[in-house]
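All chains are named by letter (A, B, ...) in the order of the sequence lines, taking the proteins before the strands, and each is independently numbered beginning at 1.
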Amino acid sequence: MSTRTIVPFGPQHPVLPEPIHLDLVLEDEKVVDAVPKIGYIHRGLEKLVEKRDFNDYVYVIERTCGICSFMHGMGYVEAVERIFDAEIPDRAKYLRTIWAEMSRIHSHLLWLGLLADGFGFEALFYQCWRMRERVLDMFEESTGGRVIFSVNKIGGVLKDMPADMLARFVNNFNEMEKELRELTNVFLTDFSVETRLRGVGILTRDEAIDLGAAGPMMRASDIAIDTRKLGYAAYEDIDFDIITSKDCDSYARCEVRIGEIFQSIDIIRQAVSKIPDTEISIQIKGNPNGEAFARMEQPRGEAIYYVRGNGTKFLERARVRTPTFTNLTPMLKTLKGADLADVPLLVLTIDPCISCTER
Amino acid sequence: MREKYVLAEITSDLLPLKAVKAKHNHARLVQICSVNTATGYDLLYSFAEGYNFVNYKVAIKENEAVPSISDIYPSAALYENEIRELFGVNVQYINLDYHEKLYNIDKETPFKTKPAQAPEKPKFTPEQIEAMKKAAAAKKAAAKAAREAEGGKA
């Protein structure tokens with residue numbers, strides 16, 4: 001048996017924008033075990049629910065993460081609306097759907113950029129982030145924010161998008177789509193990219209179920225489950241297929257995410273063509289009493305929100321099960337047996353969001 | 001499509017059995033969460049069978065032991081380490097045990113709600129406060145008298 005060495009990976013590492021620590025146990029160049037340590041940015045956001053009014057807590061939960069901030073707000077308000085058994089106006093549902101899909105596009109473009117940066121393809125990284133910038137501009141125009149949007153409220157949304165703005169956004173996405181085809185083609189066909197991704201970090205279908213993989217990580221292991229099919233927000237009226245891959249490797253995860261960018265553009269087109277002209281919010285009176293779950297498909301996978309109220313304006317518990325937390329176990333599995341040089345890339349392929357994980 | 005939503009209350013000894021049953025039905029373990037209650041904790045175990053959402057609620061007392069289901073679902077280990085470290089739930093036999101070292105937090109874990117503290121003892125008694133008020137008023141009156149006397153001289 002060769003000598004075992006422990007190499008610390010993180011919390012500060014060039015591929016990690018956020019801090020997570022892994023103790024990598026190596027035998028020569030092969031990883032035999034990985035021990036995670038998290039909590040460097042634990043802010044106690046779930047605990048804060050005891051000190052904030054349930055309406056104000058929307059602003060707190062949005063700050064869980066800067067990339068899926070819209071969806072965190074949306075998941076929480078949907079869970080509270082379920083306690084009240086409130087039916088929000090249709091236009092609000094469609095607006096939530098549009099913003100959620102825009103979040104998915106910008107998140108996936110961010111990830112593609114980081115992946116390109118991870119294997120040293122700087123030009124590709126800049127191109128991905130240049131495209132992402134256009135989505136952020138649209139967010140700024142429609143919500144007033146580029147990172148934190150604060151457009152969700154319990155009972156609907158706070159801002160409306162006029163018809164001409166929606167038409168312009170669809171035009172923008174149509175233009176982007178052509179450029180994106182060219183850009184993503186590099187990820188899917190370039191020789192050097194393929195050599196880094198093909199056959200690396202295999203996660204089989206059974207392992208994905210046992211280890212609790214979520215989102216693109218799970219769908220890349222040929223499991224056709226997408227929480228959007230539950231029909232929350234306006235997804236009930238939207239026609240889309242679940243994107244999966246049979247390859248189960250890092251390339252498959254990249255392929256699924258690229259497919260989802262184009263799918264999101266299509267969903268936005270459908271939502272804009274079907275959006276009804278109704279109110280954007282209803283007034284909800286009283287305090288929540290009871291408990292409810294809400295499930296969302298975030299860019300990184302299924303997120304679960306649990307809320308328990310006791311009839312006062314302060315909730316007893318608000319819990320977010322974020323996709324990265326559940327994807328950590330499959331990630332540790334893919335690390336075992338990998339080369340040390342592939343570790344940064346394998347950590348990236350789960351699209352880690354450590355702020356979400358630690359809350 | 002609307003999900004089938006189930007929330008059943010069970011005792012902790014039935015938990016491994018329910019987990020085995022869920023595994024047999026090809027369900028995924030999607031989350032484990034702990035909620036502080038007046039007497040202990042409510043643990044919520046959620047399984048997704050396709051799109052159906054099956055939840056088990058286990059109400060336990062403060063130091064009551066709960067068996068781990070990590071041998072049935074390996075993904076449970078991370079959740080169980082989390083609820084033990086941050087909430088202090090006594091989860092036993094976790095197959096991948098990080099021994100309260102998963103989270104790197106400066107504050108002492110598990111987080112407990114602090115017992116209500118006794119109100120601080122006031123610095124002065126009401127009699128002392130009254131005496132101080134009187135002294136201040138007398139001082140003010142003396143100063144006023146002195147000013148008036150000075151004004152008369154001028």
Considering only heavy atoms from C-beta outward, does the side chain of B/Glu82 approach that of A/Phe325 to under 4.5 Å?
yes
Let me know if A/Ala224 has heavy atoms under 4.5 Å from chain B in its side chain, its backbone, both or neither.
backbone
A/Ile242 and B/Tyr51 have their tightest heavy-atom pair at CD1-OH, 3.3 Å
Quick one: of B/Thr37, B/Leu102, B/Ile32, who has the most non-hydrogen atom pairs under 4.5 Å with chain A?
B/Leu102
Given a strict heavy-atom distance threshold of 4.5 Å, which part of A/Leu332 is in contact with chain B: side chain, backbone, both, or neither?
side chain
Where do B/Ser34 and A/Arg317 come nearest, in terms of heavy atoms and distance?
O-NE, 2.7 Å
By number, which residues in residues 61-72 of chain B have some heavy atom less than 4.5 Å away from chain A?
none
Return yes when atom OH of B/Tyr5 has more than 12 non-hydrogen atoms of other residues, nucleotides or ligands closer than 6.0 Å, and no otherwise.
yes
Does some side-chain heavy atom of B/Pro74 sit less than 4.5 Å from a side-chain heavy atom of A/Lys333?
no
Under 4.5 Å from any heavy atom of chain A, what part of B/Ala27 do you find: side chain, backbone, both or neither?
backbone
Going from CG on A/Leu328 to OG on B/Ser75, what distance comes out if it is rounded to the nearest 0.5 angstrom?
11.5 Å
One thing to verify: whether B/Asp42 and A/Arg308 come together as a salt bridge, which I'm taking to mean a side-chain N less than 4.0 angstrom from a carboxylate O.
yes
What distance separates A/Ile209 CD1 from B/Tyr73 OH, expressed to the nearest 0.5 Å?
9.0 Å
Measure distances from A/Leu211 to the heavy atoms of chain B and classify the residue's part below 4.5 Å as side chain, backbone, both or neither.
both
Once you round to the nearest 0.5 Å, how far does NZ of B/Lys57 lie from CD of A/Glu291?
3.5 Å
From B/Leu86 CG over to A/Glu46 CD, what is the distance, rounded to the nearest 0.5 angstrom?
9.0 Å
Heavy-atom contact with chain A under 4.5 Å, split by part of B/Tyr98:
side chain
Under 4.5 Å to a heavy atom of chain B? For A/Tyr306 that would be side chain
Going by the angle between their ring planes, with limits at 30° and 60°, are B/Phe53 and A/Phe293 parallel, tilted or perpendicular?
perpendicular
Is it the side chain or the backbone of A/Thr322 that comes within 4.5 Å of chain B heavy atoms, both, or neither?
neither
Counting only non-hydrogen atoms closer than 4.5 Å, does A/Ala213 touch chain B with its backbone (N, CA, C, O), its side chain (CB onward), both, or neither?
backbone
Nearest heavy-atom approach of B/Ile105 to A/His42 is CD1-CD2, 3.6 Å
Is chain B contacted by the side chain of A/Tyr235, its backbone, both, or neither, given a heavy-atom distance below 4.5 Å?
neither
Atom OH in B/Tyr103, atom CD in A/Glu358: separation rounded to 0.5 Å?
6.5 Å
Inspect the surroundings of NZ in A/Lys274 and state if more than 12 heavy atoms from other residues, nucleotides or ligands are less than 6.0 Å away.
yes
Crowding at NZ, B/Lys23 (>12 non-hydrogen neighbours, <6.0 Å):
yes
So for atom CG, which belongs to A/Asp241, do other residues, nucleotides or ligands contribute more than 12 heavy atoms lying within a distance under 6.0 Å?
no
Heavy-atom pair count under 4.5 Å with chain A, highest-scoring of B/Val35, B/Leu7, B/Leu44:
B/Val35
Atom pair CG/OG1 of B/Leu96 and A/Thr329 - distance to nearest 0.5 Å
8.5 Å
Salt-bridge test for A/Asp210 and B/Arg28: reply yes if a basic N is under 4.0 Å from a carboxylate O, no otherwise.
no
Honestly, the part of B/Ser46 sitting under 4.5 Å from a heavy atom of chain A is side chain
Treating A/Arg321 as the side-chain partner and B/Val30 as the backbone partner, does any N or O pair qualify as donor plus acceptor under 3.5 Å?
yes
